[in-house]
Each structure stands twice: as structure tokens, then as C-alpha cells.
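What follows is a single structure, written as C-alpha cells, with notes after it.
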Amino acid sequence: MSMNSQGRASRADNIPGNADSIETFTGHRGLEQQEKLIFEVGDPSRTGVDFADPGKFDPAFGGLERHAPIGLPGLSEPEAVRHYSRLSRKNYAIDMGMYPLGSCTMKHNPRLNEKMARVPGLADVHPLQPQSTVQGSLRLMQELAHWLKTLTGMPAVAMSPKAGAHGELCGLMAIRAALEARGNARKTVLVPESAHGTNPATAALCGYGVKAIPADSRGRVDLAAFEAELNEDAAAVMITNPNTCGLFENEIAKLADAVHDAGALFYCDGANFNAIVGRVRPGDLGVDAMHINLHKTFSTPHGGGGPGSGPVVFSEALAPFAPLPYVVEENGAFKIKEHPDADDTALGRLTAFHGQMGMFIRALAYMMSHGSDGLRQVAEDAVLNANYVMASLKDVMTPSFDGPCMHECLFDDRFLKGTGVETLDFAKAMIDEGFHPMTMYFPLVVHGAMLIEPTETESKDSIDTFIGMMRSLTRAAKSGDTARFSGAPYLAPLQRLDETRAARNPVLRWTPPEQRAAAE
Ligand SMILES: *Cc1c(COP(=O)(O)O)cnc(C)c1O
């Protein structure tokens, strides 16, 4: 009888041959059920709803009404429910296991946040409701803004940006406006090579040329290279701190002074704020603008393209250029300032309404339930967990830089040299072991990067299981068990996909078999 690592029987002895080689008649494998596309499951003659016969009526569409079926899949209610339930079981999710994606900060979203976001008085408001009827919501936005300003030590915040990348756009537009007000928007933005791709993309979108600054041998911004590029053309620098190698830029204050002496402004990418929240205030480091990914640091859900939220905090110098709208309090009542005054330098709007209300509620619930001491502990535990992972793996894997890390630890592929296994194969083998892979091939400054962020919400047990799995895979790779890696994942519903082809030539539309046959 096979035993799992806890000594429980995992497989009976009386299976004919190898269980993995059993072909089932249905294609299902026990509880793992095959599921076709919804168009293949459905039949247009079936429906989950009954419409009354409309009888004879005169459609007022000027002869443009449809007469042919529109090709919706026809499913009864139980068929629809089963289809989506089966698909959902093929998903990996933070509610199922550890999600060690570095830079993404995939952590537990406390259920309290969800409960608060569903309180009817908050969940059911509409952005066009009279302001007198949504005083509580406005107060909540004001309170969240207060927490964000306090935690960052910055005097102003724009709440409406919808994600980190959108916050970068907001920040650089404000920087551009401030420089234009001084009479010269300048030409370039300096961005370290390790930066997230959204940084140079944002600078380019705002009309700036991008100057890449190399990292030094310690994984930090190369100060000499940086100062050499810091001339009268430089509008801003965009620096992530802690950076995407998981390292604190310890010359940040010096860097900020040099930026300001050169007449430029300092944008900080705040995606890694969870590593320093409650411990360091970016305002004290000389930052002029920084986005905060509520969906990373403050535990609102993300992934799968769901709503994010990326408020941007501003320094004194940039506050007058922050976008509208914002909430103001007058004589105990809250109002939304939506229109600029005549002499206002504020940017216009970035979005139609006021921001992601549901995310504001969740983030504030998270902050208030932790309190300021709890938020400090978030940072401390995130850093402790990442260092535990690094310390437990550094004898078998290759950390890219010496010394302790912040909230994530970076390895490169030197430990795989000569094994025939590459970072991608290693990540795919992790899927067979039931883990979501870490971030790979990012940052670009090291070869075959593996960036691991356990976050503060994982228990020591779950981190130990992860470490054990990583050590076992490392041992397998070094002992020549390449087959385990080269075609992995073997146990996932769809095995190894041609990801390049899928990205370059995405087939997003299902074609009925008869049409496909006719086209061939
Ligand atoms: C996630 C991330 C971003 C972009 O944030 P989104 O909310 O995904 O738009 C930018 N920079 C870094 C370092 C990030 O990790």
C-alpha cells in the first residue's frame, strides 16, 4: 500500500497495474471531471428560463430586428451550474493553497473585508446618487485617504486610479503638469533595469523617453550610473522600493536629494509597500508621488483581471496637480470636489466616477481590524517569512544576491546548470506538486529568475511544505530526473501548452464543427 508523507494510505494495492495508466470510459478521473466548452455542452433547444410567447407585436426597430438564432448556448439551470462548478474546480486559488508569486503579493483576503463590502448601505449605493444620501460612503473614502496619507507621510492622495499601472499614469501626469507649470516638461524618465514593465510603459505613454539604469552587483540602483544620467533633461525617476529583487534601496534618501537637486521629481512604485508599511514612511524618504496597490498591500482580492485599486499619494510639490475628484469636509458634511476652480492646476478626471468603492471598503476594513501596530506586524512577518524561505533554500538553490531580503527572495537558475532543466520546466513541475509557481523570468536583471513571495499570511507549516517540495524538486533535477520536468505539468487538466503560440495567435472564438469543416 502506498503511503503519503503523513503515513496515510494514498493508494490501494489491488489496482491492476499503475493507477495512472487506467483509462476511464468517461474521460473523468474520479472527482476530476472533464468539461467541454459551454457551446459544446449546450443545445439551443434547451433553456433555463421560460419566456411567455410575445404574441404578435410590432417591433419598433425599423426592420433591423434579428430573425435568426443568435447562437447562445442552450442550457438548463442545473447544466449551467454544473458547467461553472466543474470549471471552477480546475482553478488554483489563494483559497486553495499558497500562491508564491513574487511582486504580486497574493495573500489571504480576510472574510471580514468581504462582509463589510456587502453591508447593504455600502454595497447598494450608486455613484450618481445625491451626495446627501451617501454621506457614510464619502466619510469612508475620507477615512481611507487619511490612513493612506498617515501611513505614507504624504499630504495628499488621489483615490480614483483603478490599479497600480493606472496610478503610475496618474503620478506621471501630475509630474508632467508640475514641470510644465515651471515652464519645461523635460524629456526623459530614468527607470532601473529591474523595474516592472509598467514603469517604462507609463513614462512612454506620457511622452517621455526612457533611460534604463543598471543595477550594481548588490542588486540596487547603480548610483554612479544614475547620477550620470541625471541632467536637465530628466523629468523624473521611477524607483520601486523595496525593489523587484526584494531588496531595500538603502541609498534612497541620497538618491532623492540628487533628483531634487537636478530639478526632477521622484516617483516611487509602491507595489512592495507591504514590506515596509508601518515601519517606513515614503514621504520621509523624499518621494513626490507613489501608487499604493490596495489589492496587494491591503489585501483586497486581485488576479484574473478583477478590480484593483491604485490610489496615489503626493508630496507638497505635487499636491496642487493631483486629479479630481476628491472628498472634502465642510461643517461636518462631506462633498465631492468634482470641478476645478478657475485658477486650479488640478488634472481633470482619470475615471468616470470616484474609484473602486468596494476595494476602498475592504482596504479600510483590513486597516482598521489590524490597527497601526497590526499593520507594522504585516511588514515584519512578510519579511521574516521571505527570509525563512531564502535561508531554507539557499544551500540547494542559488540566491541572486548576498544578505537578507525584504518581503520576497530572488533566486536565479545557476543551480540548474548542466541539469537540462530550465526555470520554466521547474515551475511546471511545481504545478504537478499542487503549487502555483513563483514569479519566473522577472526581474530581468538575473538569468532565469525565480522570485518567491510567501507573504505574511502563510503559516510556518505551509511554508515548510513549500520548502520541502522545492528541495525535493531541486534534488530530482540535480539527480538527472529530467523527464519529471521536461513535459510537466503531467497532472494538470491541460498539460504543457505552447504558451508562445497561444500569446501570439490567440484563438478566442469557438467555431461550430460544421462551420470549421466548411472552412477547411
Ligand atoms: C503589480 C505591480 C505593478 C502594477 O500594478 P497593477 O495593479 O497590476 O497595475 C507595478 N509595479 C510593480 C513592482 C508591481 O509588482
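Because the structure is a prediction, the values reported are computed rather than measured. Order of appearance sets the numbers: ligands from 1, and atoms from 1 within every ligand.
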Does the Y99 side chain pair with the main chain of F435, one donor and one acceptor, at a distance under 3.5 Å?
no
Counting heavy atoms under 4.0 Å, the part of A271 that contacts ligand 1 is side chain
(message) Below 4.0 Å from ligand 1: does a non-hydrogen atom of E168 turn up there or not?
(response) yes
ask   = For A163, is at least one N or O under 3.5 Å away from an N or O on ligand 1?
value = no
- Ignoring hydrogens and angles, state whether a donor on the side chain of D412 or T398 is under 3.5 Å from an acceptor on the partner side chain. yes
* **E408 side chain to S103 backbone, donor-acceptor under 3.5 Å** => yes
Numbered in order shown, the ligand 1 atoms found under 4.0 Å of a heavy atom of N293 are 5 (O), 6 (P), 7 (O)
key: Near-ring test H354/Y326, centroid separation under 6.0 angstrom   = no
So, regarding K296 and ligand 1 (criterion: nitrogen or oxygen to nitrogen or oxygen, under 3.5 Å), is there a contact or not? yes
query: Taking everything shown except R279 itself, do over 12 heavy atoms lie less than 6.0 Å from its CZ?
result: no
Answer yes or no: are there more than 12 heavy-atom neighbours, outside H108 itself, under 6.0 Å from its atom NE2?
yes
With nothing but distance in play, are any N or O atoms of G164 less than 3.5 Å from an N or O of ligand 1? yes
Among H291, H302, H295, M238, closest by heavy atom to atom 8 (O) of ligand 1 is H295
One finds that the ligand 1 atoms under 4.0 Å from a non-hydrogen atom of S103 are 13 (C), 14 (C), 15 (O)
If you scan protein heavy atoms around atom 9 (O) of ligand 1, the nearest is A165 N, 2.8 Å
message = With nothing but distance in play, are any N or O atoms of D269 less than 3.5 Å from an N or O of ligand 1?
response = yes
Exercise. Would H166 count as a contact of ligand 1 if the rule is a heavy atom under 4.0 Å away?
Worked result: no
(Q) I'd like to know if R111 pairs up with E114 as an ion pair, taking the criterion as any Lys NZ or Arg NE/NH1/NH2 lying under 4.0 Å from an Asp or Glu carboxylate oxygen. (A) no
Which of C405, P399, S400 passes side-chain contact (heavy atoms from CB on, under 4.5 Å) with L410? Answer is S400
* Asked: Short N/O distance, under 3.5 Å, between T240 and ligand 1?
  -> no
